[in-house]
Amino acid sequence: MPDVLQHDVVIVGGGGAGLRAAIAAVEADPTLDVAIVSKVYPMRSHTVSAEGGAAGVIKAGDSLEEHIRDTISGSDWLADQDAVELFVREAPQELLRLEHWGCPWSREPDGTVAVRPFGGMGIERTWFAADKTGFHMLHTLFQTSLQHERVRRYDEWFATRLLLDDGRAVGVSAIELRSGQVRAVVGKAVILATGGFGRIFPFTTNAAIKTGDGLGLAFRAGVPLKDMEFVQYHPTGLPGTGILITEAARGEGGILVNRHGDRYLRHYNLGEPLDIRDPVHPRLRTMELGPRDRLSQAFMKEQDQGNVFDGPYGTYVHLDIRHLGERRVDQKIPFVRELATNYAGIDPVREPIPVRPVVHYMMGGIDTNLEAETALPGLYAAGECACVSINGANRLGSNSLPELLVFGARAGTGAARWAREHAPAPRAAVETQAADEQARIARDLINRRDGDERIATLRTEMQHAMEAGCGIYRTEATLQAAAAKVAELRERARRVQLDDHSLSFNTELTAALELDIMIEIAESVVHSALHRTESRGSHQRVDFPQRDDGRFLKHSLAYRTEGAPRVEYRDVAITRWPPAERVYGRAH
Amino acid sequence: MASPYPRRRSRRWFIERWAYQRFVLRELSGVVLAAYMVLLLLLVSSVHAGGQAFADHVTTLRSPLMIAVHVILVLFALLHTVTWFQAVPKGLPLRRGEEKVPPALMIGANYVAMAGATVIIVAALVA
Amino acid sequence: MRRSPEPVFWSLFSAGGVVLALIAPALILATGFLVPAERVEFDRLSAILTQPLARIAVVGLAFLTFVHAAHRLRHTLVDVGLRAYGGPIATVSYLAALALTAWAALVAFG
Amino acid sequence: MTSGATTTQTIGFEIARYLPGEDRAPTLRHYDVPYRPEWVVLDALNYLKDEVDGTLSFRWSCRMGVCGSCGAMVNGVPRLMCAAFLRDYLPGPIRVEPLANFPIERDLVIVLDDFMQKLRAVKPWIIPGDRPPPADAEYRQTPAQLADFKQYSMCINCLLCYSACPVYQHEEEFLGPAVLALAQRYDHDSRDRGNSQRHELTWSDEGIWDCTFVGECSAVCPKHVDPAGAIQQAKVESTMDWYRSVLWPFGRR
Ligand SMILES: Cc1cc2nc3c(=O)[nH]c(=O)nc-3n(C[C@H](O)[C@H](O)[C@H](O)COP(=O)(O)OP(=O)(O)OC[C@H]3O[C@@H](n4cnc5c(N)ncnc54)[C@H](O)[C@@H]3O)c2cc1C
Ligand code: SF4
Ligand code: F3S
Ligand code: FES
């Protein structure tokens, strides 16, 4: 029988959301015993890659109201307004807490934190630590968590399944990668904080670990996935690798130009360009500081008109930051220079950077409420894997980092409360489930010799099907094709064959488990997109170009079935901000 | 359970990479300078012993072997000086506000001081 | 607080390092090349070295040089593989430096 | 695998393989990989894992030099595999081995338990002491105060410096470059009052005083943290503190 490791709260994921939840849980009740199960060492989590910054109202002249409005209009009115309100109210406190824990925020000369402009935000409110904001936040959280003796970590343990008892979540089965053994990590409450799933697409800013595991765990336990059709493309990724050039490059004044040297965004209802020497440039919510969905869509239109460059790794436009000068670049966005020099082979102080839209962020995720609770008792979710939703149909840049703090903390406190009020699950129940899981993994993967499908082949086919059928612009036909392909892949994935039959650090095994989950999630994305016959935010249906508030001012909820997922709808919470047109480039 | 392969140690690490050889040479320069100190003290001793003793000592110093020894000594002394000056801005990084004083500037200042010391020493000895 | 005695050795080592970096090349140049070339006169040299301050300076320089060398020798021996004998090596090195310094005092005031 | 004109050339790899329980010691195995000038070593390894040999194990994630997972010895020098371009190793072969000075878990995967334990030991968090954080506001910290520790906060825990440090190779107790730089980062943070709590360990013989300033840690650091500098600086500070406490034994500590 697999070992059973008993705790009070079990957190899956050691990224920003998971660590914040852990600290919140032990602070809420120092007698609690908290476990963090993470498939990579916490400081390797993907939060480390976030560059630009974290939004929070702190400066005089800004107001909560403004941040709320920007977020709601950015979401194309699909965000729940009560959630947004709560998020905006708590974000500054959370960012301050990180400041108190030592996050090296960039500063004004008077010693207060500095803020920078960001896409879709009407006022400068994005806190930043040069252009390594996520890196500094993650390391600050991780190092802060080290002082809590009662946070026990299971680093490089891969969670494979939720353990249930009597209709509630009571832990996970996980593979200890070093030994290859499956064990049960058990608690009275479980928090999923496993991050996004950009890796279902071929060209993404997301790290290798972003395969949506937590969504798979919840989905298979019957929890619905919300708003899965909304996939954010970031307008400025490096062709070839997909490495992100942060929006801060535009926040500092960088401009986008096409093959003809035209600042093409002016043709897309994003306002008029100011001269780059104009002290008012870059103007907020205008041109390069428009929201990401609009900018990525503009690129596609330019591409259709043949106005983009053509390179060995696809088409691209230029992001030009030369006019900022070497000093400013090195001070404010040094990482941009480092990345462009290393991975695009150009020094952006002297040459423009080639960029193209790239899959970046998933608005959808595990359906949660304001308390980060899911429909399954005892199960919480926070961070990019969850959907509260504050991001609706399009997340505003720099809203995700504060989101994972705000809702990570809420998940932590909520789970702590739940753990105090509930008894642990009987040992036998979890033991058998973990034993089943161990048997399944051994039988279907490690010991199998009669499979005939290669992981990489299936993964590549899935990624290309998603890009072709479910990209920036979608139609019924492309989506149907993607749906058929993904369904086929789901069948073929049952016959996957590993080369590696050993136990210790078997990364082929984890790749197979990830693939299985990715295919399932991809299916929920495609079907959610098929059902939404309107265009809103990042979801653009060529065959249904209008937003349709009458039918679709609603969240989609995808439920797992034996066949294609079942899609249901739930009304968006509208409180004080009635749906309106999204206006950029003009006063709103 | 199968165990990890233990970390490997090398007895010859210091010759396995040029960077490490350079490190050992740098450290040895300190010891070499102590050897020079012995020679210097012998010279001082000869001076205190009087003109004849000094003259004898000078004769010894004129031998090709002693000249060769001093050539080597100078090389090690320069190695010491160069590596030492390079280390100074590491231990004592100076700042003017946000900006670091460029290490090259601090190193340069050290060379200026050394040049000054050299001039004084030579001037004091050579009439 | 458990204090390492290392700051004492390290500061002396550093002081020696600084002094040697500044003057060692010049001294070697003078005593190794100018003296044999007979550019330095005995009388002048003698006049300098019999001054009380110069005598003290010679002892000081010798002390710093020997401690500097002892410190480096000690750590290099440990680094290249004699870690197990770190204690005795340190004792012998610094004692040797002190002995040599005592000899230097005899010479300087002789 | 899309094969174009650029993939006709190949480049050789010698990759260290070790499977605990099966192999008695790591051995090098030869592979050929299509040569592409824009590829990094990590791309080549992923190609091998996907197309040729699924048993090859290594860590990676961000492929942009910030998560710190993918350190390995490339031709004998510690490097991030996602930042080591094939074009800089022509004509090959390229030798890839696990980071030196660590036990090997499997293939290119090393055991970093020792580092993780030392990381915690130096208390890398703000210890506010007698200066609790202001309510509902940030600590004031000027850009100059930030600059005083910023460089030491850039460490991605990639462990290349440990692989380059001969002292760590021979003295397991040595806290090592990255951890000491991190301690310096908190010591120099204007919000922190925890220096004396850290110094007990960092200023001990297993801390800064084991370092003989070989300097290779800084030479290989991909993020220019300069741990060697951090340690030198700490030596100066520790020494000044020592004399202060001897000369003014009754003074304020
Ligand atoms: C390049 C880039 C730049 C970005 N820049 C910004 C920005 O400037 N501002 C902003 O607000 N947002 C930004 N974002 C978005 C933001 O960084 C992410 O949404 C956020 O970091 C997600 O954090 P998380 O804690 O939810 O998940 P992650 O940090 O991804 O952590 C996931 C954790 O879950 C663990 N895990 C996953 N699966 C398993 C499993 N099966 N078993 C065990 N553990 C598992 C992993 O080990 C990891 O610890 C950026 C994103 C990218 C890709
Ligand atoms: S100091 Fe540099 S080399 Fe060492 S772990 Fe940190 S980033 Fe890596
Ligand atoms: S290489 Fe090692 S000896 Fe010191 S300067 Fe760096 S820690
Ligand atoms: S893969 Fe993240 S540092 Fe190389």
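What you are looking at is a predicted structure, and each value in this text was computed from that prediction instead of being measured. Every chain is numbered from 1, with letters handed out A, B, ... down the list of sequences.
Neither the backbone nor the side chain of Arg106(D) has a heavy atom closer than 4.5 Å to any heavy atom of chain B. Interface residue Phe23(B): only side-chain heavy atoms are found under 4.5 Å from chain D. For Val214(D), the parts sitting under 4.5 Å from any heavy atom of chain B are the backbone and the side chain alike. Only the backbone of Glu105(D) comes within less than 4.5 Å of a heavy atom of chain B; no side-chain atom from C-beta onward does. Using a 4.5 Å cut-off between heavy atoms, Gln145(D) does not touch chain B at all. For Ser218(D), the part lying near chain B is the side chain, with the backbone staying farther off; criterion is any non-hydrogen pair under 4.5 Å. In this structure, chain B has no heavy atom under 4.5 Å from any part of Ala234(D). Proximity to chain B is limited to the side chain of Asp226(D), based on heavy atoms less than 4.5 angstrom apart. With a 4.5 angstrom heavy-atom cutoff, Phe102(D) touches chain B only via backbone atoms. In this structure, the portion of Pro93(B) lying under 4.5 Å from any heavy atom of chain D is its side chain and not its backbone.
Contact count against chain B (heavy-atom pairs under 4.5 Å) is highest for Gln233(D) among Arg24(D), Glu237(D), Gln233(D). Across Pro26(D), Ala228(D), Ala100(D), Gly215(D), the residue that shares the most heavy-atom pairs under 4.5 angstrom with chain B is Pro26(D). Chosen from Gln151(D), His170(D), Glu216(D), the residue pairing most often with chain B at heavy-atom distances under 4.5 Å is His170(D).
By the side chain to side chain contact (heavy atoms under 4.5 Å, CB included) test, Cys70(D) pairs with Trp60(D), Leu80(D), Met81(D), Cys82(D), sequence neighbours left out.
The number of heavy-atom neighbours closer than 6.0 Å to NE2 of His30(D), taken from other residues, nucleotides and ligands shown, is above 12.
Closest heavy-atom contact between Asn101(D) and Arg7(B): O-NH2, 3.1 Å. Contact record, Phe213(D) with Ala87(B): CE2-CB, 3.4 Å, taken as the closest heavy-atom pair. Of all the heavy atoms in Ser3(B) and Pro20(D), the pair that sits closest is O-CB, 3.5 Å. Heavy-atom minimum distance, Gln232(D) versus Gly91(B): CB-CA, 3.7 Å. Nearest heavy atom pair, residue Glu27(B) against residue Thr212(D), reads OE2-O, 4.5 Å. Closest non-hydrogen pair, Pro78(D) versus Arg17(B), comes out as CD-NH1, 3.9 Å.
Remark: Lys100(B) NZ to Lys150(D) NZ distance equals 13.5 Å, nearest 0.5 Å.
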With side-chain contact (heavy atoms from CB on, under 4.5 Å) as the criterion, how do Glu172(D) and Arg9(B) come out once you've worked through the C-alpha distance, each side chain's angles and the decisive distance to 0.1 Å? CA-CA 11 Å; Glu172(D) 226 167 311; Arg9(B) 292 191 172 83; 3.3 Å; yes

